[in-house]
Amino acid sequence: MSKALVVGASGGIGQALVQALHVTGHQVATLSRSMDGLDVTDEASIAACMSTLQGPFDTVFIATGALEIGEHLPEKALRAVTSEGLLAQFQTNAMGPILVLKHLVPHLAKDTPARIGILSARVGSIGDNGMGGWYSYRTAKAALNQLIHTAAIELARSHKQTVLAALHPGTVATAFTAKFAGSHATVPPAEAAQNLTAVLAGLTPAQSGGFYDYAGHSIEW
Ligand SMILES: NC(=O)c1ccc[n+]([C@@H]2O[C@H](COP(=O)([O-])OP(=O)(O)OC[C@H]3O[C@@H](n4cnc5c(N)ncnc54)[C@H](OP(=O)(O)O)[C@@H]3O)[C@@H](O)[C@H]2O)c1
């Protein structure tokens with residue numbers, strides 16, 4: 001049976017991804033902060049949690065992330081930007097997923113296909129940023145995209161059949177968006193998960209390192 005892994009399986013999208021992967025016939029391993037003590041801001045915690053896994057995995061989603069971290073809210077204006085807020089966003093949304101990927105590599109087969117989707121966000125696109133605001137979250141996701149793109153180049157040398165992609169899930173009705181979606185239309189997590197699993201399954205190694213939305217369209221950096 002195909003083995004999948006969802007990191008951040010307690011989240012709104014993470015939970016739905018677990019369900020969607022069960023439906024597509026995967027045996028699904030899960031990791032999360034609330035269920036397993038995985039803290040992506042602490043590499044020792046990542047190493048300990050990842051060492052418990054039994055791979056190799058052919059499908060992996062890293063679905064951790066946060067918009068509001070402690071007292072740090074998404075900034076509406078430059079005067080709200082702080083080094084602490086920027087650092088918290090970098091630790092959670094940029095450094096966290098790439099350190100998970102670092103500890104995932106031993107669980108990937110070198111000679112069989114594997115697909116890894118890391119949840120980014122369209123607001124991390126510099127070219128698509130017409131509204132401003134949300135300085136630290138946008139910037140952390142832009143940094144995450146560069147980290148993913150760079151890692152994909154390296155993995156293409158050692159794991160030729162592996163696909164690594166930054167994925168935008170759409171605006172999804174989860175705890176994450178509850179306070180911030182405003183008048184934006186949202187989709188249910190189950191729909192987002194179906195979209196994301198279909199997009200990831202359809203990507204080829206030639207598309208590794210890209211940034212794709214829930215419909216499979218490339219997003220500009
Ligand atoms: N929802 C949207 O509309 C939307 C749009 C664009 C991008 N995204 C991205 O999609 C991803 C998932 O979002 P979601 O809507 O599912 O959010 P969510 O329901 O709030 O879930 C967030 C997940 O991240 C985990 N997490 C947060 N900080 C962590 C940390 N320091 N260490 C380990 N785990 C941590 C949470 O773990 P616990 O709950 O176990 O603590 C939870 O599993 C995020 O990367 C987000 O940026 C979401």
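Heavy-atom basis, side chains included; hydrogens, waters and symmetry copies ignored.
A salt bridge links Arg122 with Asp213: the closest approach of a Lys/Arg side-chain nitrogen to an acidic carboxylate oxygen falls below 4.0 angstrom.
Ring geometry for Trp221 versus Phe211: interplanar angle under 30°, hence parallel rather than tilted (30 to 60°).
Side chain of Gln194 to main chain of Ala20: no donor-acceptor pair is present (N/O by atom type, distance under 3.5 Å, no hydrogens or angles). Judged by distance alone, with hydrogens and angles left aside, the side-chain atoms of Glu68 form no donor-acceptor pair with the main-chain N or O of Leu73 at under 3.5 Å. Checked by atom type and distance alone, the side chain of Arg115 never pairs as donor or acceptor with a backbone atom of Asp58 at under 3.5 Å.
Counting heavy atoms from C-beta outward, Thr139 and Gln89 have side chains that stay 4.5 Å or more apart. The shortest distance between side-chain heavy atoms of Thr177 and Val172 does not fall below 4.5 Å. Two residues are said to be in side-chain contact when any heavy atoms from C-beta on lie closer than 4.5 Å; His26 and Lys3 fail this criterion. Contact annotation: the side chain of Val105 approaches that of Leu155 to within less than 4.5 Å [non-hydrogen atoms, C-beta and beyond]. Between Thr171 and Val187, the closest side-chain pair of non-hydrogen atoms is not below 4.5 Å. Residues Glu75 and Ser136 have side chains in contact (heavy-atom distance under 4.5 Å, counting atoms from C-beta outward). Under the 4.5 Å side-chain criterion, counting only non-hydrogen atoms from C-beta, Leu196 is in contact with Leu17. With contacts defined as side-chain heavy-atom distances shorter than 4.5 Å, the pair Thr59/Phe61 qualifies.
Using a 4.5 Å cut-off between side-chain heavy atoms of Ile, Leu, Val, Met, Phe, Trp and Tyr, with links allowed through other members, Ile13 and Leu203 fall into the same hydrophobic cluster. Leu87 and Val40 are not part of a single hydrophobic cluster, where members link through side-chain heavy atoms under 4.5 Å apart.
Annotation for Val60 and Leu104: closest pair CG1-CD2, 3.8 Å, computed over non-hydrogen atoms. Taking both residues in full, the closest heavy atoms of Tyr212 and Ala165 are given as CD1-CB, 3.9 Å, listed atom of the first, atom of the second, then distance.
Here Ser208 pairs with Ala152, Val163, Leu164 under the side-chain contact (heavy atoms from CB on, under 4.5 Å) rule; sequence neighbours left out.
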Thr197 vs Val199, side-chain contact (heavy atoms from CB on, under 4.5 Å): CA-CA, chis, key distance, verdict: CA-CA 6 Å; Thr197 51; Val199 167; over 6 Å; no
